[in-house]
Each structure stands twice: as C-alpha cells, then as structure tokens.
Amino acid sequence: MKYSKYHALGNDYLVIAPEDVEIELTKERIERICHRNFGVGSDGILLGPLPSQNSDFGLRIFNPDGSEAEKSGNGLRIFSRYLWDRQLVREQFSIDTLGGKVKARVADSGKSVQVEMGRVNFNSEKIPVTGEPREVIQESITVLDQTFTFCAATIGNPHCVILLPEVAPDIAYKYGSLLEVHPSFPNRTNVQFMKVIDRENIQIEIWERGAGYTLASGSSSSAAAAVAYKLGLCDSSITVHMPGGQIFIQVTDDFMVTMTGGVTKVAEGVISLEMFE
Ligand SMILES: N[C@H](CCC[C@H](N)C(=O)O)C(=O)O
C-alpha cells in the first residue's frame, strides 16, 4: 500500500490515496501504521483526495490512536503540498474536511502553504464543553494536584488553551493526557500550554487529542492565537513558536484565522501487509 510521508515542523503525516488502499483502514491498522516501532511511524494519516460535493477535494484525517479528527492545520498544509506535487492543483483550491471547508494556497515551490482555517468559536455547545451554554473564557479546571485557568475553542476540532508565565514539554507530558480526557470535554480535546511573549509572539507546548505530545500543530496554533487575541494580549498577526518551528497566524476581528507555515517532503514508500499479521 503506497504512501507519501511529509512533515510540517516535525508534525508528520502519511498521505494515502484512496486508490492505493488495499485493506480496510480499521482503528487497529491505523494504530499499527502510525506506530514508531512496529509501523511506518507518524502523527497521523491523511486519506485523500476524496470526492466532495462542495470543494475541489475531500480529505479525511486520522490520529495515531485511530480516531478521526475534524481538522488538522499541519495535515491540511501537507495535503495541499501533496496535491501540488501530484500536479492536481494550481494556485488556490478548496478542501472539505469533517470540520468544514478550507481554502489553501501553495507557495515557494511547495515549501510554504497558506490555509484559511475558518472561524474560531468559543461557544461551549460548539466545542463541546459540558455545562451551561456560554463562551468558555478564563474558567477553572483541575487535574492531579493543579487547578488551571483555561479558555476553550473550536476551529472544527476542540482545544483547551491554558495561559502560563512559562511553558515546557514536561508540563504538556504531566497534565496534557489528563486534560485530553477530562469529563468537561465530551469529544476529548487538544491541549495547549501558552506563554504570551509579546503582542506578536506566543509560545505553545502541545498535547494532541489522539496523538499525544507533538512538536507542532496548526489547529492548536490557530486556537491559541485566537485566544491570545480574544484576551487582548496579542494583536491580529501572531507568530506561534513551537518546538518544531514557527507558524504565522492572522486573526480577524470576527476570529477568522489564516495560517501560513512550512511543509517538508520526507519520503515515498510502500506499506507491506505483513505488518498487520
Ligand atoms: N489531534 C488533532 C488533529 C490533528 C491536529 C494537529 N496535528 C494540527 O496540525 O492541527 C485532533 O484530534 O483534533
């Protein structure tokens, strides 16, 4: 089964075209393909291009735990580059995901991709977050020995953004997995620990729903930047600094987000079905 591997700031994905799917991609098989030792190794699988009624292309996004995600910013940049590599697109095109339709534009010979990610929404019913319908802004949540103040947002997929004076990987590892499955989030959640550096720069450490600690995340960058803008801590153009690199986010007054970042091609390969035995 053929695949193409790319990374976006160290957040890596395998692109598998539907015509190359030789065996049903069950939860167990996705887990095995993404496994760093027993499989190819990846932060997820992008299945496409699929037919779409309302966009040029359809895309399905799977996490390494086999769960399906509504959106992935890095995944959308990687898929856009894949379409460009296959000469299926020119300048601008649209992609339909479970989390809505986006517009993408490839630049710099495929090394940079801009995606209009859609509107960030802070409403509890949309994210979802349990409790009364409200905007989830600066609320308290307790895991282990720690009570955090958080904001929640969706850009198709759910995010829990925690503002701290300093952030580091150990915070994401210690608390991320517990926040991911906290009962306040019926669909689980992605988690970002955010330090606001100044009005144009933030730093985040990421724990992804269904993937764990990752070096970068486009939807996380979009959600965290939108929260920083919502809280009045940043202006509308924000550079998001992550262990894997930087993503440039622009936020409008009504929280439409445009994301721009790099993509790197890693390899093309063939998955042996023996791996599933
Ligand atoms: N784990 C995420 C999907 C991938 C997000 C991340 N890789 C990105 O670049 O946005 C979720 O379940 O919502």
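Along the sequence shown, the residues carry numbers beginning at 1. Ligands are counted one by one from 1 in listed order, and the atoms in each one are counted from 1 as well.
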| Just checking, any donor-acceptor pair under 3.5 angstrom between side chains of Ser72 and Asn74? | no
| note | Counting from 1 in the order shown, the ligand 1 atoms closer than 4.0 Å to a non-hydrogen atom of Tyr13 are 4 (C), 6 (C), 7 (N)
| query | Does Trp207 approach ligand 1 within less than 4.0 angstrom via side chain, backbone, both or neither, non-hydrogen atoms only? | reply | neither
| To which protein heavy atom is atom 10 (O) of ligand 1 closest, and what is the distance rounded to 0.1 Å? | Ser219 OG, 2.5 Å
| task | Look at ligand 1 and say whether Arg188 reaches it with a heavy atom at a distance under 4.0 Å. | result | no
| remark: Residue, atom and distance of the protein heavy atom nearest atom 5 (C) of ligand 1 read Glu208 OE1, 3.4 Å
| query | Can you name the one residue among Arg105, Gln114, Gln246, Arg77 that meets side-chain hydrogen bond (donor to acceptor under 3.5 Å, both in side chains) with Thr260? | reply | Gln114
| With atoms numbered from 1 as shown, which atoms in ligand 1 lie under 4.0 angstrom from a non-hydrogen atom of Asn74? | 8 (C), 9 (O)
| query | Using 4.0 Å as the upper bound for N to carboxylate O, is an ion pair formed by Lys5 and Glu268? | reply | no
| Does ligand 1 have a heavy atom under 4.0 Å from the side chain of Ile61, from its backbone, from both, or from neither? | neither
| task | Please confirm whether Asn190 comes within less than 3.5 Å of ligand 1 when only nitrogen or oxygen atoms on both sides are compared. | result | yes
| Within-cut-off N or O pair, Gly218 and ligand 1, under 3.5 Å | yes
| What part of Asn11, side chain from CB on, backbone N/CA/C/O, both or neither, has a heavy atom under 4.0 Å from ligand 1? | side chain
| Nearest neighbour of atom 6 (C) of ligand 1 from the list Ser217, Ala211, Ser221, on a heavy-atom basis | Ser217
| said: Other residues, nucleotides and ligands only: do more than 12 of their heavy atoms fall within 6.0 Å of CD on Gln87? | reply: no
| field | Charged N-O contact under 4.0 Å between Arg36 and Asp43 | value | yes
| Would you say the ring centroid of Phe79 lies under 6.0 angstrom from that of Tyr13? | no
| query | Does the distance from a Lys or Arg side-chain N to an Asp or Glu carboxylate O, for Arg134 and Glu125, drop under 4.0 Å? | reply | no
| Hey, does Asn63 sit under 4.0 Å from ligand 1 if you only count heavy atoms? | yes
| message | For the backbone of Asp65 and the side chain of Lys27, can you confirm whether one donor and one acceptor N or O come within less than 3.5 Å of each other? | response | yes
